[in-house]
Amino acid sequence: RHAETAPLPSYDEVLVCSPDTGEEEVELLVRRALSPGSQDQKIYCLLGADKLVYKVSKQLESHFFRLVQSSSISNYRFLIFCNAKADNSYVITAFDAYKVTFPDCSKTEIQTYLKTQLQVPSGTAPAALAFEEPHQQNVKFVFSERAGMGK
């Protein structure tokens with residue numbers, strides 16, 4: 001569905017994948033998406049899943065299909081984003097039956113949506129002020145080798 005006012009997924013709904021992404025991280029997100037209580041309008045997303053190494057990709061497939069079969073939840077929201085040009089990705093092959101093409105949106109539509117979603121409420125200092133940079137941005141990504149360390 002296309003909803004211009006729908007919020008972006010929150011931090012606990014998104015896993016940005018890299019070749020270093022581990023099996024536990026992927027399993028945790030799949031469990032969140034397919035467990036009771038996951039129907040609270042959250043949309044769980046794996047971004048760049050084509051970058052997962054083969055072993056982790058196999059575990060993703062295994063966990064997903066095992067949980068789908070054992071779960072009574074039929075209306076889960078779990079999205080896997082892959083680069084369409086990543087022909088050698090196991091994830092793309094494993095989930096090919098579920099493949100959909102991203103809807104046609106113009107660059108302007110996407111920019112307008114993100115601009116409305118990433119606004120800082122008036123009277124609130126954006127978190128970007130914590131970084132000493134000449135240009136102000138409303139969003140910063142902080143990466144850490146140790147997950148869950150209060151970021």
Side-chain angles (χ1 to χ4, degrees), residues 1-120 126-128 131 133 137-151:
R1 261 184 259 173
H2 180 69
E4 293 175 11
T5 58
L8 291 168
S10 62
Y11 73 94
D12 65 328
E13 297 172 75
V14 179
L15 177 61
V16 180
C17 300
S18 75
D20 296 325
T21 302
E23 294 174 37
E24 290 178 8
E25 295 169 284
V26 171
E27 181 182 2
L28 180 61
L29 190 74
V30 173
R31 284 187 183 282
R32 283 183 193 151
L34 298 173
S35 65
S38 68
Q39 300 138 332
D40 54 5
Q41 303 303 312
K42 291 192 173 196
I43 301 173
Y44 294 92
C45 308
L46 275 177
L47 300 180
D50 52 286
K51 295 176 184 164
L52 294 172
V53 296
Y54 179 76
K55 183 179 177 186
V56 176
S57 298
K58 287 285 288 180
Q59 288 298 317
L60 165 62
E61 177 188 33
S62 172
H63 291 308
F64 177 79
F65 288 110
R66 182 176 44 80
L67 288 169
V68 164
Q69 290 174 354
S70 66
S71 177
S72 60
I73 298 171
S74 60
N75 59 345
Y76 57 87
R77 297 172 180 204
F78 184 63
L79 302 173
I80 301 173
F81 291 91
C82 294
N83 182 345
K85 296 177 183 173
D87 296 328
N88 60 344
S89 169
Y90 183 83
V91 173
I92 292 174
T93 304
F95 293 92
D96 189 59
Y98 300 95
K99 181 178 170 181
V100 293
T101 305
F102 190 72
D104 242 356
C105 292
S106 71
K107 182 179 178 181
T108 306
E109 286 176 308
I110 294 170
Q111 286 175 330
T112 301
Y113 170 76
L114 289 175
K115 193 173 190 177
T116 60
Q117 293 299 316
L118 300 176
Q119 283 183 347
V120 176
F131 299 90
E133 295 181 11
Q137 298 175 347
N138 290 338
V139 178
K140 291 285 184 183
F141 287 97
V142 178
F143 294 94
S144 172
E145 294 297 319
R146 299 175 63 191
M149 298 305 295
K151 294 178 289 305

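Hydrogens, waters and symmetry mates play no part in the numbers below; they use all other heavy atoms, side chains included.
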What heavy-atom pair brings Ala49 and Cys82 nearest, and what distance separates the two atoms?
-> CB-SG, 3.9 Å
Quick one: do Ser10 and Glu13 satisfy side-chain hydrogen bond (donor to acceptor under 3.5 Å, both in side chains)? Show the steps, please.
-> CA-CA 5 Å; Ser10 62; Glu13 297 172 75; 2.7 Å; yes
With sequence neighbours excluded, what pairs up with Asp20 under the salt bridge (Lys or Arg N to Asp or Glu O under 4.0 Å) test?
-> none
Under 3.5 Å donor-acceptor, Ser62 side chain and Lys58 backbone = no
Minimum heavy-atom distance between Leu46 and Cys17, given as atom pair plus value = CD2-SG, 3.6 Å
For the residue pair Tyr44 and Leu79, establish whether any side-chain heavy-atom pair is separated by less than 4.5 Å.
-> no
Does Ala86 offer a backbone N or O that forms a donor-acceptor pair with the side chain of Ser89 under 3.5 Å?
-> no
Would Tyr54 and Val56 satisfy side-chain contact (heavy atoms from CB on, under 4.5 Å), going step by step from the backbone distance to the final call?
-> CA-CA 6 Å; Tyr54 179 76; Val56 176; over 6 Å; no
Does any non-hydrogen side-chain atom of Val30 lie less than 4.5 Å from one of Glu27?
-> no
Spacing of NE2 belonging to His63 relative to CG belonging to Leu28, to within rounding of 0.5 Å | 10.5 Å
What is the minimum heavy-atom distance between Thr21 and Ser18, and which atoms define it?
-> OG1-N, 2.8 Å
Applying salt bridge (Lys or Arg N to Asp or Glu O under 4.0 Å), name anything that partners Lys55, two or more places apart in sequence or on another chain.
-> Glu23
Would you indicate whether the side-chain heavy atoms of Asp50 and Val91 approach each other to under 4.5 Å?
-> no
Find the distance between CG (Leu52) and CD (Glu61) and round it off to the nearest 0.5 Å.
-> 12.5 Å
Which heavy atom of Tyr76 sits nearest a heavy atom of Ala33, and at what distance?
-> CB-O, 3.5 Å
Start with the C-alpha gap between Leu47 and Leu15, add the side-chain angles, then the distance that decides, and say whether side-chain contact (heavy atoms from CB on, under 4.5 Å) holds.
-> CA-CA 6 Å; Leu47 300 180; Leu15 177 61; over 6 Å; no
Given side-chain contact (heavy atoms from CB on, under 4.5 Å), test Phe64 with Phe95 step by step and report yes or no.
-> CA-CA 10 Å; Phe64 177 79; Phe95 293 92; 3.4 Å; yes
Phe78 side chain near Leu29 side chain, heavy-atom distance below 4.5 Å | yes
Do Asp12 and Lys42 meet the salt-bridge criterion of a basic N to acidic O distance under 4.0 Å?
-> yes
Given side-chain contact (heavy atoms from CB on, under 4.5 Å), test Val26 with Leu60 step by step and report yes or no.
-> CA-CA 6 Å; Val26 171; Leu60 165 62; 3.6 Å; yes
